[in-house]
Amino acid sequence: MKSRRVFSTPDVASASAAIPVARATGILDEDISLIARSDIQLDAIPEHRKDASSDFVPAALRGMVGGGGAGLLAGLIAIAVPPIGITLAGAGAMGIAGALVGGWASALAGSAAPDPVRKAFEREIEAGRVLLVIDGTDDVLPRAEAALTAAGATLLPFDAPTVMT
């Protein structure tokens, strides 16, 4: 499983100079992104480096688990009531329907939620600093942290597992 670390750099040039340093420590190119104020992102950051993530996928997964569990529970309760006439297959179908509805509703809500990194470091971003976000495994991250700090990036207090890794 990968974890996410966030570094602050004073400008786009410093952030761009830190990217090869991160790659040299074993961080994959697709695990490196930049977050900046909107006017800086539009002008100076290449499109493939922009981090425009939201809470869409994690929210959808949480909704599917919760909705599926609720649907399955409702189906099992319906089996226990003979006049309703639901079979075991019907309970399974209710669980699947609950997962779909829960996933859909939660994904809609999650797409509107801002990225947790952007929310946590709003002041850094508004001050014009560029955040370098890396995802890496526990064996690579200590090397990357040391190298990026030596390159002038400041490690910010953010440590979270990444989604789908």
Separation of Asp135 CG from Leu28 CG (nearest 0.5 Å): 9.5 Å
Would you say Val12 and Leu34 make side-chain contact, with heavy atoms under 4.5 Å? no
For the student: nearest non-hydrogen atoms of Glu145 and Thr149, plus distance: O-OG1, 2.7 Å
Which atom of Pro20 lies closest to which atom of Ser16, heavy atoms considered: CD-O, 3.1 Å
Please find the pair of heavy atoms, one from Leu141 and one from Gly136, that lie closest to each other, and give the distance. CD1-O, 3.4 Å
Does the side chain of Ile134 reach to within under 4.5 Å of the side chain of Ile32, using non-hydrogen atoms? yes
Are Ile27 and Arg5 close enough that some pair of their side-chain heavy atoms sits under 4.5 Å apart? no
Distance-minimising heavy-atom pair for Glu124 and Arg129: OE1-CD, 2.9 Å
Between Val140 and Gly26, what is the shortest heavy-atom contact and its length? CG1-C, 3.8 Å
Verify same cluster id: Ile96, Val101 (apolar side-chain graph, 4.5 Å): no
Check for a donor-acceptor pair, side chain of Ser8 on one end and backbone N or O of Thr154 on the other, with a separation under 3.5 Å. no
Looking only at heavy atoms, which two atoms of Ala18 and Leu132 are closest? And how far apart? CB-CD2, 3.8 Å
What's the separation between atom CG in Leu156 and atom CZ in Phe7, rounded to the nearest 0.5 Å? 8.5 Å
